[in-house]
Amino acid sequence: MSSDKTVRVRVAPSPTGDPHVGTAYVTLFNYVFAKQNGGKLILRVEDTDQNRYRKASEERILKGLKWLGLQCDEGPDVGGSYGPYRQSERLPLYKKYAKTLLEKEKAYHCFCTQERLAEARETQKKEGGRFGYDRHCRYLDKSEVEKKLQGGISSVIRLKMPTEGEGSFIDELRGPITIDYNQLDDQILMKSDGFPTYHLANVVDDHEMKITHVIRAEEWISSTPKHVTLYEAFGWEKPQFIHLPLLRNTDKSKISKRKNPVSLDFYRRKGILPETMINFLGLMGWSFKAEEREKFSLEEMVSSFKFSDISLGGPVFDQKKLSWLNQQYIQTMPQEKFLKHCREEMFSESILKSIYPLVRERLDSFDEFFEKFSFFFTLDLKYENLSLVPKEKTASEMKTIFLELSLLLDEIDIWSLATVTQVMNSYLKDKALKPKEFYMPLRLILTGRQDSPPLLETMEALGRDVVRYRLQWVCDHIFTG
RNA sequence: GUCCCCAUCGUCUAGCCCGGCCCAGGACACCGCCUUUUCACGGCGGCGACGCGGGUUCAAAUCCCGCUGGGGACGCCA
């Protein structure tokens, strides 16, 4: 790859939930490539979806990447000369460029309602063939468009894609990729709420931030021709495109929280060391060929990394191998580091403080501490002698209940006693569940015992990841059949 | 459904670009043995893959084509 200009790469997470292992994975490869080339890694927050936006998410993502040692050179927390680094703070820029496209007649206003589009999609689905916008508004005449705009009819701005021929680009790992334009529809660039879509914001920002290499996940391949069309519409130089394979669940589907823990917070709580996680992610699709070993550091990866050494099959994220690798790191941990980890991660101030009010009233002496409260520290509980299914319910009913609950808890933005309580109460009311057949099983699931501190406070202290993990585990292993 | 991407042990992968050194190497998991007062670690061994079919070639895991399989995309999500 030519190096006539400074390498600038970026990672662009969307603050909609957990700090995701997939984000860490893509960040790792961006980081390694940047470091190796004396380039810069930019972190850009893609918060253009008002519905999915979660306030607490950005901070958790930043914290997660920092935990892994993937420090960015520019970003919302560290600043930089190409800011702001949150797309929600760059709205005027997107408006300006959308206007440019309108003026160049590369884009147009579309007044179609979401209902009409949904109907059209439905029809297309029945008839088979491709799904896509029928370009109804593309051929509206100017006076009509003007009239509708004056009338304040809600509209979006769409990109005029070529209607025939094919679009292609070079993927640095796969070679040329060509897609027929009849497969691509006129992408929405500006939504009716005035926010840009990914496609516009992404291209504008990559250009403005002088990004040289777009290193992102494979799921973006099919929309890359749209991005290329945008670059060309603006007359901008295109970056190089590199699409990384997608991390997979055991069943080979794209990794997802329903089938696999994906939160960095979860793995941290589980006691996976950051260097283990980095090493493990580095093993996904890449291998350390300099020497024949699987254990290597971030620095070692930086020094011998080559994109051409990436294999393109989608790697399954295997918990067992992760654990084994972690063991390798623990075995060789210097005493100092070991103690530090116990102090700061296992018995951290924050965990101890959160359980203090719950345990202090229930302790005759400190030697009972682990016997009574181990569930605050262990991840996997034993349910052998507990009956989790009350008499009046079946296992599959319980499964439905707790899966639904898990989903609701997942929606909580800021995890606190108040928010958890609110979700729990409204769910109980919604489903008209008797507290007896709901709270006791939940208590058993979350603590592994019948005597525990108050449930809601316990949930708050356990944290979202642990609660969700236990619910999921029980649904998968006990509420079966 | 349409398009795109991918294809070596159950899993992560080496080998593939530049065909022969590969009846395919390593690691996880699993099984057995050894070590050991226990458990773990460790050591040794076992199980286990080039998806299928056609070409090209003296020779194919490696190159070409087709099929099959898996995945992704097709949103006023990213």
Side-chain angles (χ1 to χ4, degrees), chain A residues 12-17 20 22-23 45-53 87 110-115 117-118 121 124-133 154-158 166-169 171 173-185 187-202 216-226 243-255 279-289 291-295 308-325 327-328 330-332:
Chain A
S14 161
T16 55
H20 201 279
T23 305
V45 178
E46 309 227 330
D47 54 349
T48 56
D49 185 340
Q50 294 296 285
N51 300 320
R52 295 203 309 149
Y53 176 75
Q87 291 186 328
C110 170
F111 303 93
C112 294
T113 63
Q114 301 202 41
E115 292 71 43
L117 295 175
R121 245 193 300 276
Q124 283 169 347
K125 206 174 224 165
K126 275 189 201 125
E127 289 167 2
R130 61 167 250 276
F131 313 146
Y133 178 52
S154 171
S155 70
V156 301
I157 296 172
R158 285 184 187 269
E166 47 195 27
S168 63
F169 66 97
D171 177 276
L173 302 180
R174 284 160 259 257
I177 294 176
T178 303
I179 297 178
D180 206 307
Y181 282 129
N182 68 22
Q183 292 298 321
L184 273 10
D185 63 354
Q187 184 61 52
I188 291 177
L189 301 175
M190 292 294 281
K191 303 182 245 186
S192 55
D193 65 0
F195 279 73
T197 57
Y198 170 87
H199 307 278
L200 206 225
N202 193 264
R216 71 216 322 180
E218 194 175 18
E219 56 192 330
W220 293 107
I221 286 181
S222 36
S223 41
T224 304
K226 292 175 181 173
H243 292 97
L244 264 15
L246 239 25
L247 261 24
R248 310 294 182 95
N249 298 313
T250 320
D251 66 4
K252 293 277 188 183
S253 57
K254 177 164 102 170
I255 195 165
N279 191 160
F280 184 69
L281 291 174
L283 248 17
M284 305 272 88
W286 187 75
S287 59
F288 189 65
K289 295 198 178 72
E291 289 171 53
E292 212 174 275
R293 62 184 153 104
E294 298 193 288
K295 192 181 168 202
S308 58
D309 287 340
I310 286 184
S311 62
L312 297 170
V316 171
F317 193 95
D318 179 14
Q319 305 284 340
K320 288 247 176 70
K321 188 142 183 177
L322 212 213
S323 293
W324 168 78
L325 230 205
Q327 177 195 241
Q328 300 300 304
I330 294 173
Q331 280 178 348
T332 55

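Letters A, B, ... are given to chains in the order of the sequence lines, protein chains preceding strands, and every chain is numbered from 1. Remember, it's a predicted structure, so these values are computed and weren't measured experimentally. Because only heavy atoms are used, hydrogens play no part in the values below, and waters and symmetry mates are left out as well, while side chains stay in.
Between the CH2 atom of A:Trp220 and the C1' atom of B:C6 there is a distance of 20 Å, rounded to whole Å. Atom NE2 in A:His20 sits roughly 14 Å away from atom C1' in B:C77 (whole-Å rounding). Taking atom CG on A:Asp180 and atom P on B:C74, their separation rounds to 18 Å, with Å as the unit. Atom CD of A:Glu292 and atom P of B:C12 are 18 Å apart (whole Å). Going from atom CG of A:Leu184 over to atom P of B:G72 covers 19 Å, rounded to whole Å. Taking atom CD of residue A:Glu166 and atom C1' of nucleotide B:U2, one finds them 16 Å apart after rounding to whole Å.
Only the P atoms considered, B:C23 is 45 Å distant from B:C74, to the nearest whole Å. For the C1' atom pair drawn from B:G15 and B:U8, the interatomic distance equals 9 Å after rounding to whole Å. If you take atom C1' in B:G25 and the same atom in B:C9, they sit 12 Å apart, rounded to whole Å. As rounded to the nearest Å, B:C21 and B:A29 have C1' atoms that lie 31 Å from one another. A gap of 16 Å separates the P atoms of B:U68 and B:C52, to the nearest Å. A gap of 33 Å separates the P atoms of B:C33 and B:C22, to the nearest Å. Taking atom P on both B:C16 and B:C63, the two are 10 Å apart, rounded to the nearest angstrom. On the C1' atoms, B:G69 is 36 Å away from B:C76, given to the nearest whole Å.
If you check B:C18 for Watson-Crick or wobble pairing at under 3.5 angstrom, you find it has no partner at all. The base-pairing partner of B:A49, taking Watson-Crick or G-U wobble contacts with both distances under 3.5 Å, does not exist among the strands shown. Summarising the base pairing, B:C63 is matched to B:G55 through a Watson-Crick or G-U wobble pair whose two defining distances lie under 3.5 Å. In this entry B:G1 has B:C74 as its Watson-Crick or G-U wobble partner, both defining distances falling under 3.5 Å. Base-pair partner of B:A27: B:U11 (Watson-Crick or G-U wobble, both distances under 3.5 Å). Of the nucleotides present, B:G32 is the one that pairs with B:C44 by Watson-Crick or G-U wobble criteria, both distances under 3.5 Å.
Nucleic acid contact for A:Glu46: sugar-phosphate only, since backbone atoms but no base atoms lie under 4.0 Å from a heavy atom of the residue. Here A:Thr48 lies in heavy-atom contact (under 4.0 Å) with sugar-phosphate atoms only. Backbone-only engagement by A:Arg248 is indicated by non-hydrogen atom pairs under 4.0 Å involving sugar-phosphate atoms exclusively. At a threshold of 4.0 angstrom between heavy atoms, the contacts of A:Thr250 with the nucleic acid are absent. Nucleic acid contact for A:Glu294: base, since at least one base atom lies under 4.0 Å from a heavy atom of the residue. As judged by a 4.0 angstrom heavy-atom cut-off over every strand, A:Met190 is placed among residues making no nucleic acid contact. Base engagement by A:Val156 is indicated by at least one non-hydrogen atom pair under 4.0 Å involving a base atom. Within the nucleic acid shown, A:Ser311 comes within 4.0 Å of sugar-phosphate atoms alone, with no base atom in reach, counting heavy atoms only.
Distance from the side chain of A:Glu219 is smallest for B:A78 among the nucleotides B:A78, B:C76, B:C12. For A:Ile179, taking side-chain heavy atoms from C-beta onward, the closest of the listed nucleotides B:C76, B:U11, B:C4 is B:C4. When distances run from any side-chain atom of A:Lys320 to the nucleotides B:C77, B:G75, B:C28, the shortest one goes to B:C28. Looking at the side chain of A:His199, the nearest of the listed nucleotides B:A78, B:G72, B:C76 is B:A78. Side chain of A:Ser287, nearest nucleotide from B:C77, B:A14, B:C4: B:A14. Of the candidates B:G72, B:U2, B:A78, the closest approach to any side-chain atom of A:Tyr198 belongs to B:A78.
Here A:Arg174 does not reach the OP1 or OP2 of B:C6: none of its side-chain N or O atoms lies under 4.0 Å away. Contact annotation: A:Lys226 does not reach the phosphate of B:A73 (side-chain N/O to OP1 or OP2, under 4.0 Å). A:Ser222 has no side-chain polar atom (N or O) that falls below the 4.0 Å cut-off from OP1 or OP2 of B:C74. Contact between the side-chain N/O atoms of A:Lys254 and the OP1/OP2 oxygens of B:A73 is found at a separation under 4.0 Å.
With sequence neighbours excluded, no residue forms a salt bridge (Lys or Arg N to Asp or Glu O under 4.0 Å) with A:Lys295. In terms of the salt bridge (Lys or Arg N to Asp or Glu O under 4.0 Å) criterion, residue partners of A:Lys226 (sequence neighbours excluded) are, by chain and number, A:Asp185.
Evaluation of atom-type donor-acceptor distances gives no pair under 3.5 Å for the side chain of A:Thr197 against the base of B:C76. Not a single donor-acceptor pair, N or O on each side, falls under 3.5 Å between the base of B:A14 and the side chain of A:Lys289.
A distance below 6.0 Å separates the ring centres of A:Tyr198 and A:Trp220.
A heavy-atom distance below 4.5 Å is found between the side chains of A:Phe288 and A:Arg293. Residues A:Thr48 and A:Thr197 are not in side-chain contact: their nearest non-hydrogen atoms beyond the backbone lie 4.5 Å or more apart. Under the 4.5 Å side-chain criterion, counting only non-hydrogen atoms from C-beta, A:Lys321 is in contact with A:Phe280. Between A:Glu294 and A:Leu325, every side-chain heavy-atom pair lies at or beyond the 4.5 Å cut-off.
Nearest approach of A:Asp171 to A:His243, heavy atoms of both residues: OD2-ND1, 2.7 Å. When all heavy atoms are compared, the tightest approach of A:Asp47 to A:Pro15 is CB-CG, 3.7 Å.
Cation-pi geometry between A:Arg158 and A:Tyr133 is satisfied (NZ or CZ under 6.0 Å from the ring centre, within 45° of the ring normal).
Just one of A:Pro315, A:Pro245, A:Ser311 meets the side-chain contact (heavy atoms from CB on, under 4.5 Å) condition when paired with A:Met284; it is A:Pro315.
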*Determine, for nucleotides 40-45 of chain B in 5'-to-3' order, which nucleotides have protein heavy atoms under 4.0 Å from the base (write B), from only the sugar-phosphate (write S), or from neither (write -).*
-S----

